[in-house]
Amino acid sequence: MKFSITIPAYKQRYLYEAIESCLAQTYKDFELIIVDDASPEDLKSVVDMFQDDRIRYYRNEKNCGALNVVDNWNICLEYAKGDYVICMGDDDKLLPNCLEEYSKLMDKYPGLNIYHGMTEIINEHSEVYNIQEARPEREGVYSMISGRLRNHRMQFIGDWLLKRDALENIQGYVKMPMAWGSDDLTAYTLAVDGGVANSQIPVFQYRVNSLTISNSGNYREKVKTQFRVFGLIEKILNDKTHLSNEKDNAFRLSMQQLMPEIIRLSVDNYMRSDMKSGGKLMSLLWWLRNISFFGLSKKEVLKVFVKSF
């Protein structure tokens, strides 16, 4: 089997639409794996509305929870039998051409560990209100990192088509708390050897809504995780063994030079948001306790604290 579409599911609200979009594919040879993360909502009743032998439903005995949501991504991976895997949210949608376009892209650029599908952003009413920027049809990992950090590319876990055995070889999706940065790090790790091929037309729809897990958590948790993500990205940038051409090296060197500024700006933004979100004194004390971890000075922290009023 060529494709496994996996849905690590917890919410019922948009699950019907998600499943319906998968079954509407013009390319018919795939399996759809739905793993119910011990949800308190009746997800099986939604799944049972569809009579299609390509659907396989499983329910976890124990809830992985939002903090460890990547564990459920990897449980989905354990059930997958396809050569390539998509991991989409229970509120996202595939466009009907998704698997067909990926198949064409794979024919044109065979043997890669990772492919990317251009994505539309939809709201709670399934209305498209934004779209990802165009990307080069073919690019290396350093260009990917540059596009994400320098050009602020939008990307989500459902954007990616991943080679299953390559994903298994890195022990599955890279686990980070609340999945913050897990999609990026997984994509970069798989793209180190061979880069990525990007579709030039939309194939996926990512839904922004109030229930999205990545919107939860506090700024202090997020900044610590983001700091770890940046550290892993720097390791990739420092590794020259996978360079394929001079253009690739130019992206690598440029990003190496920019990383200190990118990290500092990110930490500053999180600190400002945290100070403004309430509990200013507690925020101040937390940042002062962590100045060495983030490479800050007391003066910088106090300056942000004063400006937060």
When you check the gap from the basic side-chain N to the acidic O, do Glu124 and Arg13 get nearer than 4.0 Å?
-> yes
Any Lys/Arg nitrogen of Asp90 or Lys11 sitting under 4.0 Å from an Asp/Glu carboxylate oxygen of the other?
->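 Yes, Asp90 and Lys11 are salt-bridged.
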Side-chain contact, heavy-atom cut-off 4.5 Å: [X] with [Y]?
X: Lys224; Y: Phe293; answer: yes
X: Arg56; Y: Lys81; answer: yes
X: Met255; Y: Tyr142; answer: no
X: Met118; Y: Ile201; answer: no
X: Tyr188; Y: Val174; answer: no
X: Ile236; Y: Val192; answer: yes
X: Trp160; Y: Leu190; answer: no
X: Leu161; Y: Met106; answer: yes

Would you say [X] has more than 12 foreign heavy atoms packed within less than 6.0 Å of its [atom1]?
X: Lys276; atom1: NZ; value: no
X: Lys2; atom1: NZ; value: yes
X: Met154; atom1: CE; value: yes
X: Lys299; atom1: NZ; value: no
X: Glu246; atom1: CD; value: no

Spacing of CG belonging to Asp37 relative to CG belonging to Asn60, to within rounding of 0.5 Å =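 Separation between the atoms: 5.0 Å.
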Rounded to the nearest 0.5 Å, how far apart are CG of Asn63 and CG of Asn72?
->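 If I round to the nearest 0.5 Å, the distance is 8.5 Å.
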Fit a plane to each ring of Trp287 and Phe294, take the angle between them on a 0 to 90° scale, and name the class: parallel (under 30°), tilted (30 to 60°) or perpendicular (over 60°).
-> tilted
Between Trp73 and Tyr173, what is the ring plane arrangement, given parallel below 30°, perpendicular above 60°, and tilted in between?
-> perpendicular
Candidates Tyr27, Phe30, Tyr115 - the one meeting ring-ring contact (aromatic ring centres under 6.0 Å, His included) with Phe3 | Tyr27
Determine, step by step, whether Tyr79 and Tyr58 satisfy the ring pair (Phe, Tyr, Trp, His ring centres under 6.0 Å) criterion, reporting the C-alpha distance in whole Å, the side-chain angles of both residues, the deciding distance to 0.1 Å, and the verdict.
-> CA-CA 9 Å; Tyr79 289 123; Tyr58 305 91; 3.7 Å; yes
Going through the checks in order, is the salt bridge (charged side-chain N to carboxylate O under 4.0 Å, His left out) test met by Asp274 and Arg220?
-> CA-CA 7 Å; Asp274 187 37; Arg220 295 170 220 167; 3.0 Å; yes
Going only through I, L, V, M, F, W and Y residues with side-chain contacts under 4.5 Å, is there a path from Leu105 to Ile86?
->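 Result: yes, single cluster for both.
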